[in-house]
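Only one structure is covered here, and it is reproduced in the block below.
The basis for the numbers below is simple: all heavy atoms, side chains too, and nothing from hydrogens, waters or symmetry mates. By convention in this document, chain letters (A, B, ...) are assigned in the order of the sequence lines, proteins followed by strands, and residues within each chain are numbered from 1.
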Amino acid sequence: MKNLNQSFYETDGITLAQNLLGKIIVRKYEDKIIKCIITETEAYCGPEDKGCHAFDNKKTKRTFPMFLNGGKSYIYLIYGMYYCFNVVANKEDIPHAVLIRSVEPIEGLEIIKKNRNIKSKKIEDLTNGPGKLCIALNIDKNLNTYDLTLGEELYIEENSFNFEVVKSKRINIDYAEEYKDKLWRFYIKNNKFVSK
DNA sequence: GTACCGATGTTCT
DNA sequence: GAACATCGGTACC
């Protein structure tokens with residue numbers, strides 16, 4: 001399967017969020033390999049989006065990766081304990097990004113179980129949330145600003161199958177005023193791997 | 001099933 | 001000092 005190239009990422013966040021659904025995240029480290037289908041995403045669109053870290057072009061130590069060109073990663077710590085993994089969209093200096101909220105494991109399930117180490121027997125509890133999937137895939141701030149087009153430690157592969165896309169409001173951005181009602185969260189209909 | 005709560009630390013005011 | 005793109009446990013239906 002083909003690694004997605006630079007031009008795939010150089011579009012606006014809303015388009016990229018939908019295009020990333022159904023694609024395959026590949027994570028390689030220490031001779032291990034994990035593959036997951038992307039099942040849920042959210043778009044954060046730069047200067048005008050009050051829900052976005054880079055609202056009003058706010059460029060800080062935390063948010064600067066969003067200003068890189070598309071195809072990089074933006075990873076940050078949230079609530080002091082969990083990481084969130086975003087795919088940077090659009091061209092350089094246009095701070096759009098797509099938060100990966102949920103994925104479905106298709107390879108390396110035993111590694112994921114070991115990384116997560118939870119009581120729940122339900123497979124979907126392993127990766128149905130932005131913080132959960134970062135633990136499952138061993139993603140942390142060391143991979144911040146990482147270039148996903150390299151096809152090495154972390155990248156995204158082409159994939160195609162038929163599914164229906166559901167659009168809904170984004171999660172936990174009550175502070176975003178009129179932007180909190182934007183239907184910028186996308187997930188694969190009838191898929192169990194979606195956050196609550 | 002839903003509801004609440006504490007954990008935890010970096011960033012920005 | 002407050003806010004935060006979250007999660008897992010416990011308590012209760």
Side-chain angles (χ1 to χ4, degrees), chain A residues 9 12-18 20-21 25 36 38-68 70 72-90 94-105 112-146 148 154 166-188 192-196:
Chain A
Y9 297 104
D12 67 277
I14 297 166
T15 303
L16 184 63
Q18 293 171 87
L20 280 172
L21 286 179
I25 296 184
C36 295
I38 298 173
T39 54
E40 179 184 357
T41 59
E42 279 180 4
Y44 289 88
C45 295
E48 77 277 11
D49 177 8
K50 289 178 183 167
C52 182
H53 290 163
F55 170 63
D56 203 21
N57 281 315
K58 193 170 77 166
K59 190 172 183 175
T60 65
K61 190 177 175 186
R62 178 172 68 151
T63 67
F64 81 90
M66 292 185 81
F67 292 81
L68 300 173
K72 300 293 195 296
S73 70
Y74 168 42
I75 296 163
Y76 62 90
L77 188 68
I78 190 66
Y79 298 115
M81 333 174 66
Y82 298 102
Y83 289 101
C84 286
F85 169 53
N86 295 250
V87 177
V88 176
N90 227 313
I94 306 174
H96 288 195
V98 177
L99 171 66
I100 309 298
R101 288 195 60 87
S102 205
V103 300
E104 174 177 354
I112 289 174
K113 283 183 180 170
K114 209 173 152 193
N115 287 346
R116 291 278 290 134
N117 193 24
I118 54 169
K119 287 182 186 168
S120 172
K121 293 281 192 296
K122 287 192 277 186
I123 303 291
E124 59 265 33
D125 285 337
L126 291 168
T127 52
N128 65 344
K132 297 179 189 182
L133 71 90
C134 283
I135 299 169
L137 300 192
N138 193 31
I139 292 172
D140 64 19
K141 65 180 189 312
N142 291 319
L143 286 167
N144 195 18
T145 73
Y146 189 80
L148 303 173
L154 180 65
V166 181
K167 303 179 184 185
S168 73
K169 293 179 187 179
R170 293 176 291 176
I171 307 277
N172 284 337
I173 52 157
D174 290 342
Y175 55 86
E177 300 176 28
E178 71 271 25
Y179 280 89
K180 73 175 161 50
D181 294 327
K182 296 281 182 189
L183 301 178
W184 288 354
R185 171 174 176 246
F186 308 96
Y187 60 93
I188 295 178
K192 277 190 297 189
F193 295 84
V194 171
S195 63
K196 305 187 191 76

- Under 6.0 Å between the ring centres of Tyr74(A) and Tyr76(A)? yes
- Message: Tell me whether Tyr79(A) and dG9(B) count as stacked here, given that the ring centres must be under 5.5 Å apart and the planes must differ by less than 30 degrees.
- Response: no
- How would you label the contact of Gly131(A) with the nucleic acid (heavy atoms, under 4.0 Å): base, sugar-phosphate, or nothing? sugar-phosphate
- Atom pair distance, as rounded to whole Å: NZ in Lys61(A) and P in dT10(B): 9 Å
- Give a yes/no on whether any side-chain N or O of Arg62(A) is located under 4.0 angstrom from OP1 or OP2 of dC4(C). no
- Query: Below 4.0 angstrom from OP1 or OP2 of dG8(C), is there any side-chain N or O of Arg116(A)?
  - Reply: yes
- Whole angstrom is fine here: how far is it from CZ in Arg170(A) over to P in dC4(C)? 14 Å
- Note on the structure: note: Lys59(A), atom NZ; dT11(B), atom P; distance rounded to Å ~ 17 Å
- Which one of Phe55(A), Trp184(A), Tyr44(A) satisfies the side chain to side chain contact (heavy atoms under 4.5 Å, CB included) criterion with Tyr179(A)? Trp184(A)
- Report the distance from atom CE of Met81(A) to atom P of dT10(B), rounded to the nearest whole Å. 13 Å
- dA5(C) pairs with which nucleotide, Watson-Crick or G-U wobble, both distances below 3.5 Å? none
- Within the pair Lys196(A) and dT2(B), is there a side-chain N or O less than 4.0 Å away from OP1 or OP2? no
- Look at the side-chain N and O atoms of Asn172(A) and state whether any lies under 4.0 Å from the OP1 or OP2 oxygen of dT6(C). yes
- Query: For Arg170(A), does its backbone N or O pair with a side-chain atom of Arg101(A) as donor and acceptor, under 3.5 Å?
  - Reply: no
- The answer to which of Ile171(A) and Lys119(A) contacts DNA chain C further toward the 5' end, by nearest nucleotide, is Ile171(A)
- Message: Tell me if the NZ atom of Lys50(A) is crowded by more than 12 foreign heavy atoms within 6.0 Å.
- Response: yes
- Task: Check whether any side-chain N or O of Thr39(A) sits under 3.5 Å from a backbone N or O of Phe193(A) as a donor-acceptor pair, and report yes or no.
- Result: yes
- Task: With heavy atoms under 4.0 Å as the rule, sort Ile173(A) into base, sugar-phosphate or nothing.
- Result: sugar-phosphate
- Item | Rounded interatomic separation in angstrom, taking CG from Asp125(A) and P from dC7(C) | 11 Å
- May I ask you to verify whether the side chain of Tyr76(A) and the base of dA5(C) hold a donor-acceptor pair under 3.5 Å? yes
- Figure out the CG/P separation between Leu77(A) and dA7(B), and round it to whole Å. 17 Å
- When you check the phosphate oxygens OP1 and OP2 of dA5(C), does a side-chain N or O of Tyr175(A) lie under 4.0 Å from one of them? yes
- Just compare dT6(C), dA5(C), dG9(B) and give me whichever is closest to any side-chain atom of Tyr74(A). dA5(C)
- dG8(C) C1' sits how many Å from Leu126(A) CG, rounded? 14 Å
- Whole-Å gap separating C1' (dG8(C)) and CG (Asn128(A)): 12 Å
